[in-house]
Amino acid sequence: MSEPADRRYGPATLPRARGPFSAAVVEALRRPPHDLPADLGVDLDPADPFTDEDLQLTLFLCYELHYRGWLGVDESWEWQPTLLALRARCERVFEAALRRLVGAPPVPAAGVAAGLAELVAADNGPALAATLQRRADLTQFREFVAHRSVYHLREADPHSWALPRLGGPAKAALVEIQTDEYGNGRLDRMHAELFRRTLDRLGLDTGYGAHVDVAPAVTLATNNLMSLFGLHRRLRGALLGHLAAFEMTSSLPNRRYGNGLRRLGFDEVATRFYDEHVEADAVHEQIAAHDMCGGLVRAEPALASDVLFGAAAGLAVDRLFAAHLLGSWAAGRSSLRAPAAPALPPRVSLVALPAVAPPAPPALV
């Protein structure tokens with residue numbers, strides 16, 4: 001009998017379905033690989049692709065097969081043709097929505113790095129980081145960390161898809177950024193491991209994919225965006241643009257997140273993930289804009305518009321994410337979906353925590 005998988009590192013547990021398409025995928029993945037109905041998804045037409053739970057979960061189910069997979073699911077599903085056909089239908093809807101959302105950002109005469117700076121300067125998203133720094137209670141901060149765990153427990157992995165698709169200066173710059181993200185080869189310094197300690201300090205489940213079931217569509221969309229760009233060579237420019245915008249808008253929010261945790265009484269173990277990003281991303285910002293994206297466009301000038309599209313799309317979807325959290329909290333409700341039944345252990349069941357008047361921070365040792 002084989003040893004059970006380490007929950008910290010995956011594979012993840014299959015989540016509950018959220019509609020007919022995700023239900024069809026979940027049911028199929030529980031069985032050996034087989035053909036799905038040829039017309040599955042041909043009538044897919046959600047009113048709002050970014051908040052459509054069924055669409056976003058279907059994409060996430062398909063994409064995770066290319067990462068660490070799903071517990072108990074035959075790995076041959078990764079390249080099953082009819083599942084890929086369904087994924088492609090979902091991707092067309094999602095990508096079209098992204099292009100409607102941000103259009104085609106113009107490339108300024110000063111070049112792609114200047115265009116990235118203009119996009120970042122014009123970004124006027126909801127003040128999520130300031131809220132977490134100054135006013136969020138423990139319950140709300142734990143919710144935010146649970147949302148972000150979907151990405152941070154595999155941080156850097158989506159952008160690593162670009163490595164075999166690049167050469168020259170752009171590849172060297174991406175390697176420099178990714179090396180830092182992966183802790184320069186030291187497990188204890190990997191950003192995903194630092195985030196796992198934050199989860200643990202906040203009393204949350206540290207297992208890979210542990211919070212997917214309670215993550216709403218807009219949270220999955222922030223992750224699906226990276227996978228869409230990463231898994232398609234034609235979108236390699238958008239993937240690098242997304243990473244550049246991510247790095248260029250990271251330092252100040254991470255400083256605020258760390259300060260928010262300190263306000264709530266947490267120690268340096270809980271805040272190290274955020275503190276690390278304050279310094280690292282300030283350096284990465286210049287590498288990403290000038291060396292990585294600039295290097296790509298110098299080698300392939302036609303990709304300049306793709307770089308700015310990816311950056312704009314990432315910023316726009318993050319604004320939707322922030323608006324969801326702040327809107328939920330302003331209305332006095334959880335920003336997470338209801339936990340799976342039966343009731344989850346306390347370390348997972350976030351929405352069962354009080355929405356106001358949080359308990360005192362846990363004793364830190």
Side-chain angles (χ1 to χ4, degrees), residues 6-10 12-13 15 127-155 183 187-216 218-220 222-223 250 253-278 318 321-322 324-326 328-329 332-340 343-365:
D6 188 331
R7 286 192 62 253
R8 293 174 298 173
Y9 304 124
T13 301
L128 177 60
T131 298
L132 288 162
Q133 177 185 5
R134 299 169 185 163
R135 297 188 298 278
D137 61 35
L138 178 58
T139 298
Q140 292 163 345
F141 214 111
R142 292 178 78 210
E143 286 187 14
F144 167 72
V145 171
H147 283 285
R148 287 306 198 195
S149 72
V150 180
Y151 168 65
H152 284 315
L153 288 180
R154 66 179 183 202
E155 184 164 348
L187 178 65
D188 63 318
R189 296 179 59 185
M190 288 178 62
H191 288 182
E193 290 301 307
L194 297 181
F195 190 79
R196 180 169 282 109
R197 294 176 204 159
T198 300
L199 282 167
D200 185 64
R201 272 298 199 251
L202 269 66
L204 299 174
D205 194 321
T206 65
Y208 178 76
H211 303 287
V212 169
D213 233 347
V214 295
V218 70
T219 301
L220 299 184
T222 65
N223 290 270
S250 178
N254 277 293
R255 185 185 302 277
R256 287 175 167 165
Y257 301 147
N259 288 339
L261 281 175
R262 280 183 278 272
R263 174 179 60 83
L264 291 169
F266 288 89
D267 68 356
E268 67 276 4
V269 175
T271 65
R272 185 181 173 193
F273 172 83
Y274 299 114
D275 296 340
E276 172 75 15
H277 281 74
V278 173
D318 274 353
F321 169 77
H324 168 75
L325 268 66
L326 293 176
S328 297
W329 296 341
R333 63 175 181 268
S334 173
S335 62
L336 296 167
R337 291 168 52 83
L344 296 175
R347 292 174 67 84
V348 184
S349 185
L350 303 180
V351 292
L353 293 172
V356 294
L364 302 178
V365 294

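Computed over heavy atoms, backbone and side chain alike; hydrogens, waters and symmetry mates excluded.
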What heavy-atom pair brings [X] and [Y] nearest, and what distance separates the two atoms?
{"X": "Tyr208", "Y": "Tyr9", "answer": "CB-C, 3.8 Å"}
{"X": "Leu199", "Y": "Thr206", "answer": "CB-CG2, 3.9 Å"}
{"X": "Leu128", "Y": "Ala322", "answer": "CB-CB, 3.9 Å"}
{"X": "Arg337", "Y": "Ala215", "answer": "CD-O, 3.6 Å"}
{"X": "Ser334", "Y": "Ser328", "answer": "O-CB, 3.8 Å"}
{"X": "Leu132", "Y": "Arg263", "answer": "O-NH2, 3.2 Å"}

Quiz prompt | pair Arg134-Arg256: side-chain heavy atoms closer than 4.5 Å | solution = yes
Separation of [Y] [atom2] from [X] [atom1] (nearest 0.5 Å):
{"X": "Gln133", "Y": "Phe141", "atom1": "CD", "atom2": "CZ", "result": "9.5 Å"}
{"X": "Arg201", "Y": "Phe266", "atom1": "CZ", "atom2": "CZ", "result": "9.0 Å"}
{"X": "Thr219", "Y": "Leu336", "atom1": "OG1", "atom2": "CG", "result": "7.5 Å"}
{"X": "Arg8", "Y": "Leu153", "atom1": "CZ", "atom2": "CG", "result": "11.5 Å"}
{"X": "Leu220", "Y": "Phe321", "atom1": "CG", "atom2": "CZ", "result": "10.5 Å"}
{"X": "Thr131", "Y": "Phe144", "atom1": "OG1", "atom2": "CZ", "result": "11.0 Å"}

Short side-chain to backbone donor-acceptor contact, [X] and [Y], under 3.5 Å:
{"X": "Arg154", "Y": "Gly209", "value": "no"}
{"X": "Asp267", "Y": "Ala270", "value": "yes"}
{"X": "Glu143", "Y": "Ser335", "value": "yes"}
{"X": "Arg142", "Y": "Leu202", "value": "yes"}
{"X": "His211", "Y": "Asp205", "value": "yes"}

Quiz item: Where do Tyr257 and Val145 land on the side chain to side chain contact (heavy atoms under 4.5 Å, CB included) test, with the steps shown first?
Solution: CA-CA 10 Å; Tyr257 301 147; Val145 171; over 6 Å; no
Any residue meeting side-chain contact (heavy atoms from CB on, under 4.5 Å) with [X], in chain and number order, not counting sequence neighbours:
{"X": "Ala192", "answer": "none"}
{"X": "Thr271", "answer": "Leu261, Arg262, Glu268, Asp275"}
{"X": "Ala127", "answer": "Ala130"}

Quiz prompt | Donor + acceptor pair across side chains of His277, Ser250 (<3.5 Å) | solution = no
Practice problem: Give every residue pair that meets the salt bridge (Lys or Arg N to Asp or Glu O under 4.0 Å) criterion with at least one member in residues 189-199, sequence neighbours excluded. | Solution: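 Only Glu193-Arg196 qualify under salt bridge (Lys or Arg N to Asp or Glu O under 4.0 Å).
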Self-check item: Pairing residues for His324 by the side-chain hydrogen bond (donor to acceptor under 3.5 Å, both in side chains) criterion, not counting sequence neighbours
Solution: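 Per chain and number, His324 pairs via side-chain hydrogen bond (donor to acceptor under 3.5 Å, both in side chains) with no residue.
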Exercise. Not counting sequence neighbours, which residues clear ring-ring contact (aromatic ring centres under 6.0 Å, His included) with Phe195? List them please.
Key: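 For Phe195 the ring-ring contact (aromatic ring centres under 6.0 Å, His included) partners, ignoring immediate neighbours, are His152, Phe273.
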